[in-house]
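Scroll down for the structure; my scribbles are underneath it.
The basis for the numbers below is simple: all heavy atoms, side chains too, and nothing from hydrogens, waters or symmetry mates. Owing to the predicted nature of the structure, the values given are computational and were not obtained by experimental measurement.
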Amino acid sequence: MNLISAEELKALVQQSPGLCVSIYMPVAQGTEIQQNPIRFKNLIREAEDKIVEYGFDKKEAAQLLEPVRAEVDQENFWENQSNLLAIFVGSGFFRYYTCPVNFDELVVVSDNFHVKPLMPMLTGNNLFYVLALSKKEVRLIECTAYSPAL
């Protein structure tokens, strides 16, 4: 899982001003995984429309989003995703992250990346412990809010 770190979030926030597209997409799991490419195409279409509203033409919008399409079109892309896919694309910039939290679908086109939905992942370390007891074994498991640290 490609979780976002504080350093990566800082890089997103410090990205030079210009056209920045932020896309958040909840990822369906299991048998519903086939819905993901369709929902993704709808979000890309929405992003293109918002880029055009922002003052660019359709060709420029399509060119800006081409790296996103190329990455997502790779075989098995949807099989390796977590609960949420966060995509950030700008002029000469493209990053995506999987997140173990849930958000609503969202497309934002602005002068800066929209990172507010990711903030809860970076607040504190959310560290806790689970004491697992059985007749033959005693284990102390260190965990975070998103996964056990085995």
| query | Charged N to carboxylate O below 4.0 Å: is that the case for R39 and E105? | reply | yes

| remark: For I51 and A61 the tightest heavy-atom approach is CG2-CB, 3.6 Å

| Same cluster or not: are V13 and Y97 linked, directly or through other Ile, Leu, Val, Met, Phe, Trp or Tyr residues, by side-chain heavy atoms under 4.5 angstrom apart? | yes

| query | Is any side-chain heavy atom of R69 less than 4.5 Å from a side-chain heavy atom of E66? | reply | yes

| task | Test side-chain contact (heavy atoms from CB on, under 4.5 Å) on M25 and N36 and set out the steps. | result | CA-CA 9 Å; M25 180 184 147; N36 292 327; 3.7 Å; yes

| Nearest non-hydrogen partners of P117 and L106, listed with the distance | CG-CD2, 4.4 Å

| Counting only heavy atoms not in D104, do more than 12 sit closer than 6.0 Å to its CG atom? | no

| remark: Nearest heavy-atom contact between V115 and Y24 is CA-OH, 3.5 Å

| Can you tell if the side chain of I23 reaches within under 4.5 Å of the side chain of I44, non-hydrogen atoms only? | yes

| Do V27 and Q35 have side chains that get closer than 4.5 Å, going by heavy atoms? | no

| Rounded to the nearest 0.5 Å, how far apart are CG of L85 and CG of L43? | 9.5 Å

| field | Rounded distance [0.5 Å steps], CG in N112 versus CG in L19 | value | 11.0 Å

| If two hydrophobic side chains count as joined below 4.5 Å and joins carry through other members, does V68 share a cluster with Y54? | yes

| said: Is it the case that the ring center of Y96 lies less than 6.0 angstrom away from the ring center of F77? | reply: yes

| said: If you compare all heavy atoms of L12 against all heavy atoms of F113, which two are closest, and at what distance to 0.1 Å? | reply: O-CD1, 3.4 Å

